[in-house]
Amino acid sequence: MFTQTHLLVGAAVFARPGNRTVALAGLIGALVPDTDVWAMFVIERLRGASGCEVFHYRYWEQPWTTLQILLNSIPAYLALNTLSVVGLLVPGLLPRRVALIVMIFASSALLHVGADFLLHHEDARAQWMPFTNWIFRSPVSYWDPRHYGQYFLIFEIGLGLALAMLIGLRSRSKRVWVAVTILSLGYLGSITAGLMSGTDHLRGPGSCEILESNAVAKRATSPSESIVAP
């Protein structure tokens, strides 16, 4: 799902008025699994890569693939959750507050990676490392129209707006309403990126085709690959 949806899910499940620490732990847990993508996008764009190059090529290169596996590891978050439960059950092992924060963080991250496990096809990750490098390719993609992405997008936007309303009504805070409104506006950007016919992104038809056609043309005219008649 989109990052803003993960944040809204984390806030809806874990955030409650009057407990900012728990709310923050839930939000950070919802955000961390996507930080590899944001870091990759910013760094590679600063290096001069186009949006298409970032998602079509750099996404599959080191060090980003390793970072993706580390931040989206289901066993890692299960281990953190187990540690926090043991900390709550065994007196003196961990401060109760610390164990609770770790549990909320790990549970929120598990919600994130669990949803992604069910909503990625071509760009699926090996989420069960280090136990296996098996990759589950879901029949449903949250963005790819070849795998019902256009239908899931409608569902996701509806879910996100409903969660934003729930969070706002529950908190009754102007700052929270501003925050969920900003997150909700992110869906406009997602829709625009998907509809723009020349968008500089893998999910649009523009620069990726141009990049590929230019590469093919360059190979065809390369002296090392051209056939020279005797």
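None of these values were measured; they are calculated from a predicted model. Note: hydrogens, waters and symmetry copies are ignored here, and every other heavy atom, side chains too, is used.
Linking ILVMFWY side-chain heavy atoms closer than 4.5 Å, directly or via other members, places Ile101 and Leu88 in two distinct hydrophobic clusters. Linking Ile, Leu, Val, Met, Phe, Trp and Tyr whenever their side-chain heavy atoms come within less than 4.5 Å puts Phe155 and Tyr148 in one cluster. Under the 4.5 Å side-chain heavy-atom criterion for Ile, Leu, Val, Met, Phe, Trp and Tyr, Leu110 and Ile28 are members of the same hydrophobic cluster. Both Leu159 and Tyr151 are assigned to one and the same hydrophobic cluster, defined by single-linkage of ILVMFWY side chains at heavy-atom distances under 4.5 Å. A single hydrophobic cluster is seen to contain both Trp134 and Leu118, as judged by linkage of ILVMFWY side chains at heavy-atom distances under 4.5 Å, directly or through other members.
The OG atom of Ser108 sits 13.5 Å away from the CE atom of Met103 when rounded to the nearest 0.5 Å. Separation of atoms CH2 (Trp64) and CD1 (Ile69) is listed at 14.5 Å; rounding is to 0.5 Å. To the nearest 0.5 Å, the span separating CZ on Arg137 from CD on Glu122 amounts to 6.5 Å. Within the model, atoms CZ of Phe152 and OG of Ser141 stand 9.0 Å from one another, a figure rounded to the nearest 0.5 Å. Atoms OG and CG, on Ser73 and Leu78 in that order, are 8.0 Å from each other to the nearest 0.5 Å. In this structure, the separation between CH2 on Trp60 and CD on Gln68 is 7.5 Å, given to the nearest 0.5 Å.
Residues that satisfy the side-chain contact (heavy atoms from CB on, under 4.5 Å) test with Ala126, not counting sequence neighbours, are Met129, Ile135. Residues satisfying the side-chain contact (heavy atoms from CB on, under 4.5 Å) test with Leu94, not counting sequence neighbours, are Leu83, Ala99. Partners of Leu27 under the side-chain contact (heavy atoms from CB on, under 4.5 Å) rule, at least two apart in sequence or in another chain, are Leu7, Ala11. Residues satisfying the side-chain hydrogen bond (donor to acceptor under 3.5 Å, both in side chains) criterion with Arg175, sequence neighbours excluded, are absent altogether. In this structure, Pro130 has no side-chain contact (heavy atoms from CB on, under 4.5 Å) partners at least two apart in sequence or on a different chain. Taking the salt bridge (charged side-chain N to carboxylate O under 4.0 Å, His left out) definition, one finds that Asp34 meets it with nothing, sequence neighbours left out. With sequence neighbours left out, Thr65 forms a side-chain hydrogen bond (donor to acceptor under 3.5 Å, both in side chains) with Gln62.
The main-chain N or O of Met1 is never found under 3.5 Å from a side-chain atom of Thr5 such that the two would form a donor-acceptor pair. Judged by distance alone, the side chain of Thr132 and the main-chain N or O of Trp128 form no donor-acceptor pair under 3.5 Å. Looking at His121, its side chain never comes within 3.5 Å of a backbone N or O of Pro139 through a donor-acceptor pair. Distance alone, capped at 3.5 Å, places no donor-acceptor pair between the Ser84 side chain and the Leu100 backbone. Distance alone, capped at 3.5 Å, places no donor-acceptor pair between the Trp143 side chain and the Gly149 backbone. Looking at Tyr77, its side chain does come within 3.5 Å of a backbone N or O of Leu71 through a donor-acceptor pair. With Arg20 contributing its side chain and Arg16 its backbone, the two residues share no donor-acceptor pair below 3.5 Å.
Pairing each heavy atom of Val176 with each of Gly168, the nearest pair is CG1-CA, 4.4 Å. When all heavy atoms are compared, the tightest approach of Gln127 to Pro75 is O-CD, 3.3 Å. Pro33 and Asn72 get closest at one heavy-atom pair: O-ND2, 3.2 Å. Here the closest heavy-atom approach between residue Ala164 and residue Trp177 is recorded as O-CZ3, 4.4 Å. Residues Val22 and Ile104 share a closest heavy-atom pair of O-CG2, 3.6 Å. Closest approach of Ala106 to Asn81, counting heavy atoms only: CB-N, 3.9 Å.
For residues 55-67, every residue pair satisfying the salt bridge (Lys or Arg N to Asp or Glu O under 4.0 Å) rule, not counting sequence neighbours, is listed here: Glu44-Arg58, Arg58-Glu61. Evaluation of the salt bridge (Lys or Arg N to Asp or Glu O under 4.0 Å) test over residues 145-174, restricted to residues two or more places apart or in two chains, returns Asp144-Arg146. The stretch residues 89-105 participates, sequence neighbours left out, in these side-chain hydrogen bond (donor to acceptor under 3.5 Å, both in side chains) pairs: Thr21-Arg97.
Other members of the hydrophobic cluster containing Val178, listed by chain and number, are Ile182; membership follows side-chain contacts under 4.5 Å among ILVMFWY residues, whether direct or relayed.
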Using distance only, find each side-chain donor-acceptor pair of residues 35-43 under 3.5 Å and give its atom names and separation, not counting sequence neighbours.
| unit_1 | atom_1 | unit_2 | atom_2 | d |
| --- | --- | --- | --- | --- |
| Thr35 | OG1 | Val32 | O | 2.7 |
| Trp38 | NE1 | Thr3 | OG1 | 3.1 |

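Taking 4.5 Å as the limit, every side-chain heavy atom of Ile157 sits out of range of all side-chain heavy atoms of Ile154. Inter-residue side-chain proximity for Asp116 and His112 is flagged as met; some heavy-atom pair is nearer than 4.5 Å. In this structure, the side chains of Phe136 and Ser138 come closer than 4.5 Å at one or more pairs of heavy atoms. Within the 4.5 Å cutoff, no side-chain heavy atoms of Tyr142 are placed close to those of Leu153.
In this pair, Phe2 and Tyr187 present their aromatic rings perpendicular. The plane angle is above 60°, beyond the 30 to 60° band.
The environment of OH in Tyr59 is crowded: more than 12 heavy-atom neighbours from other residues, nucleotides or ligands sit within 6.0 Å.
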Note to self: Go through it in stages, so that I can follow the logic: the residues are Met165 and Leu169, the test is side-chain contact (heavy atoms from CB on, under 4.5 Å), and I'd like the CA-CA distance, side-chain angles, deciding distance and then a yes or no.
What the structure shows: CA-CA 6 Å; Met165 184 70 68; Leu169 291 173; 3.8 Å; yes
